[in-house]
There are 2 protein chains.
Amino acid sequence: MERSLLKHFIKSRGLRQSSQRDRVVETFLSQKGHTSAEELLIQVRKKDKRVGLTTVYRTLKLLTESGLAVERKFNRQVSTFEPARIGQHHDHLICLGCGKIMEFENKNIETLQEEVARKHTFFITHHVLELYGTCLDCSKKGAKKPKKK
Amino acid sequence: MERSLLKHFIKSRGLRQSSQRDRVVETFLSQKGHTSAEELLIQVRKKDKRVGLTTVYRTLKLLTESGLAVERKFNRQVSTFEPARIGQHHDHLICLGCGKIMEFENKNIETLQEEVARKHTFFITHHVLELYGTCLDCSKKGAKKPKKK
DNA sequence: CATTATAATGAAAATGATTTTCATTTTCAT
DNA sequence: ATGAAAATGAAAATCATTTTCATTATAATG
Ligand SMILES: [Mn+2]
Ligand SMILES: [Mn+2]
Ligand SMILES: [Zn+2]
Ligand SMILES: [Zn+2]
């Protein structure tokens, strides 16, 4: 279903199809969690050795522009991407101890955000809400080395 | 007043004082709004030509670690810093049209964030909340070129 | 004040993620 | 089948920030 969205997007842009891009898209959409370009390349290369990092970056940009991917830029300086669930939105809890990422939705917060915007005569297109701290496991075990990932 | 905080921090770290650092700190604290290292260097150099960018970066890091500065990393890939108002916290509305940044505080949102964390047995140390969109001016004038800054 | 260990400095090089370039290959409308 | 244009990937470029390193400045001590 999402695949057709991309096909449509490709066509509407006058782009062509290619096996490399197909492989990247396919691999990306099968991914769960948040994936960086480098990580995605590793997965893609398990299927096709000839795909380059540049193409992964280019495809990720295409996916993002077409609305099939959402880019996240948490703590670190690398971007990660996750498949977009249509009509859905969520925010994140990020553990600074182990790197674990949890997702949540909270309509009340979003409503309050709109209220804030209204007070400032501002029109929100999107927002970033990230809660950083310590997960249960890490608060038990005490200070731990952050997961590099 | 904040100055003494830094002095104390410097001493507790076994560091020495220097005129360059003093100048950077002084200039930074007099700044309003969100300032990048590069921008701060320009201001500092109006007073002292011999200060280097490296020292600005180092001082900004020191200020952040001592709690006198808060680092923000909005849309762009450059970090900006703002003087920390003691015991205060605020979040931002960022206009994608003109780059204008507005600040707000909303205790209700923060309370809901804590509630979310509690549900996940998570302990928040800090959070990022950024509302992106269009300000009143920009929504009037229609689509405009984003302020580079 | 002189000594001296070491912190501070800044120019230049390194880093690291992402983007750009460009010569070559592939796609697809005709 | 043909050709214009898109896609590719290796290598170079970008760009903010950090690291390196030779030199200078600071301040505790005698
Ligand atoms: Mn997510
Ligand atoms: Mn602010
Ligand atoms: Zn954890
Ligand atoms: Zn605006």
Side-chain angles (χ1 to χ4, degrees), chain A residues 6-28 34-45 47-66 69-81 148-149, chain B residues 6-28 34-45 47-66 69-81 148-149:
Chain A
L6 186 67
K7 289 270 191 287
H8 184 270
F9 183 78
I10 296 277
K11 181 168 293 184
S12 76
R13 279 231 192 166
L15 306 181
R16 293 168 187 179
Q17 79 121 228
S18 85
S19 60
Q20 285 92 325
R21 184 153 61 201
D22 286 353
R23 182 116 281 160
V24 174
V25 169
E26 167 189 69
T27 307
F28 172 73
H34 307 84
T35 316
S36 70
E38 208 85 48
E39 289 164 353
L40 183 54
L41 178 68
I42 291 170
Q43 297 308 315
V44 170
R45 284 210 165 140
K47 294 276 183 175
D48 189 338
K49 223 54 182 163
R50 300 159 311 166
V51 178
L53 182 56
T54 312
T55 295
V56 172
Y57 272 110
R58 285 194 275 237
T59 304
L60 245 11
K61 172 178 281 187
L62 218 50
L63 284 164
T64 301
E65 289 170 352
S66 71
V70 181
E71 181 174 2
R72 310 282 186 188
K73 210 152 188 179
F74 300 126
N75 235 357
R76 312 175 300 135
Q77 72 277 354
V78 294
S79 282
T80 60
F81 300 80
K148 71 212 67 197
K149 196 190 178 181
Chain B
L6 186 67
K7 288 269 191 286
H8 184 271
F9 184 78
I10 296 278
K11 181 169 291 182
S12 76
R13 278 230 192 167
L15 306 181
R16 295 170 186 176
Q17 78 121 229
S18 85
S19 59
Q20 286 94 324
R21 184 154 60 200
D22 286 354
R23 181 113 286 157
V24 174
V25 169
E26 167 190 67
T27 307
F28 172 72
H34 308 83
T35 316
S36 70
E38 208 85 48
E39 289 164 353
L40 183 54
L41 179 67
I42 291 171
Q43 297 308 315
V44 170
R45 284 209 166 142
K47 293 276 182 178
D48 189 339
K49 223 55 182 163
R50 299 160 312 167
V51 179
L53 182 56
T54 312
T55 294
V56 172
Y57 271 110
R58 285 194 275 235
T59 304
L60 245 12
K61 174 179 279 186
L62 219 49
L63 284 164
T64 302
E65 288 170 354
S66 70
V70 182
E71 181 174 3
R72 309 283 185 186
K73 211 152 187 181
F74 299 126
N75 233 357
R76 313 175 299 137
Q77 72 275 354
V78 294
S79 282
T80 59
F81 299 81
K148 71 213 66 194
K149 196 188 180 181

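Both backbone and side-chain heavy atoms feed into the values below; hydrogens, waters and symmetry mates do not. Lettering follows sequence order; numbering is per chain, from 1.
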Lys61(B) vs Gly52(A), nearer the 5' end of DNA chain D by closest nucleotide: Gly52(A)
Among [options], which nucleotide sits nearest the side chain of [X]?
{"X": "Tyr57(A)", "options": "dG9(D), dA7(D), dT18(C)", "value": "dT18(C)"}
{"X": "Val78(B)", "options": "dG9(D), dT17(D), dA7(D)", "value": "dT17(D)"}
{"X": "Gln77(B)", "options": "dA11(C), dA16(D), dA7(D)", "value": "dA16(D)"}

Just N and O in the side chain of [X]: are any of them under 4.0 Å from OP1 or OP2 of [N]?
{"X": "Ser18(B)", "N": "dT26(D)", "value": "no"}
{"X": "Thr54(A)", "N": "dT8(D)", "value": "no"}
{"X": "Gln17(A)", "N": "dA7(D)", "value": "no"}
{"X": "Arg50(B)", "N": "dG10(C)", "value": "no"}
{"X": "Gln20(A)", "N": "dG9(D)", "value": "yes"}

Atom pair distance, as rounded to whole Å: [atom1] in [X] and [atom2] in [N]:
{"X": "Phe81(A)", "N": "dT18(C)", "atom1": "CZ", "atom2": "C1'", "result": "10 Å"}
{"X": "Arg16(B)", "N": "dT29(D)", "atom1": "CZ", "atom2": "C1'", "result": "12 Å"}
{"X": "Leu53(A)", "N": "dT18(C)", "atom1": "CG", "atom2": "C1'", "result": "9 Å"}
{"X": "Leu62(B)", "N": "dT18(D)", "atom1": "CG", "atom2": "P", "result": "13 Å"}
{"X": "Arg72(B)", "N": "dA16(D)", "atom1": "CZ", "atom2": "C1'", "result": "20 Å"}
{"X": "Ile10(B)", "N": "dT6(C)", "atom1": "CD1", "atom2": "P", "result": "19 Å"}
{"X": "Lys73(A)", "N": "dG16(C)", "atom1": "NZ", "atom2": "C1'", "result": "12 Å"}
{"X": "Leu41(A)", "N": "dA17(C)", "atom1": "CG", "atom2": "C1'", "result": "14 Å"}

- prompt: Only one of Ile42(B), Val24(B), Thr35(B), Thr27(B) clears side-chain contact (heavy atoms from CB on, under 4.5 Å) with Val56(B); which?
  reply: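 Single pass found, and it is Val24(B).
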task: Grab the two heavy atoms, one from Glu39(A) and one from Ser36(A), that are nearest each other, plus how far apart they are.
output: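 Scanning both residues completely, I find the closest heavy atoms to be OE1-N, 2.9 Å.
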field: Nearest heavy atoms of Leu60(B) and Phe28(B), plus distance in Å
entry: CD1-CD1, 4.0 Å
task: Under 4.0 Å between any heavy atoms, over every strand shown, what does Arg58(B) touch: base, sugar-phosphate, or nothing? Just pick one.
output: base
message: Students often get this wrong, so: under 4.0 angstrom with heavy atoms, is Ser79(B) touching a base, only sugar-phosphate, or nothing?
response: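 Sugar-phosphate contact only.
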- prompt: So does Glu26(B) pair up with Lys47(B), basic N to acidic O under 4.0 Å?
  reply: no
field: Partner nucleotide, any strand, of dA29(C) [Watson-Crick/G-U, under 3.5 Å]
entry: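 Here dA29(C) is engaged in a pair, and the nucleotide opposite it is dT2(D).
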field: Base-pairing mate for dA16(D) - Watson-Crick or G-U, with both contacts under 3.5 Å
entry: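 Its partner is dT15(C).
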message: Is there a side-chain hydrogen bond (donor to acceptor under 3.5 Å, both in side chains) between Gln20(B) and Asp48(B)? Walk through the geometry before answering.
response: CA-CA 8 Å; Gln20(B) 286 94 324; Asp48(B) 189 339; over 6 Å; no
field: Min side-chain heavy-atom separation Ile10(A)-Leu62(A) under 4.5 Å
entry: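 Side chain of Ile10(A) against side chain of Leu62(A), heavy atoms only: contact under 4.5 Å found.
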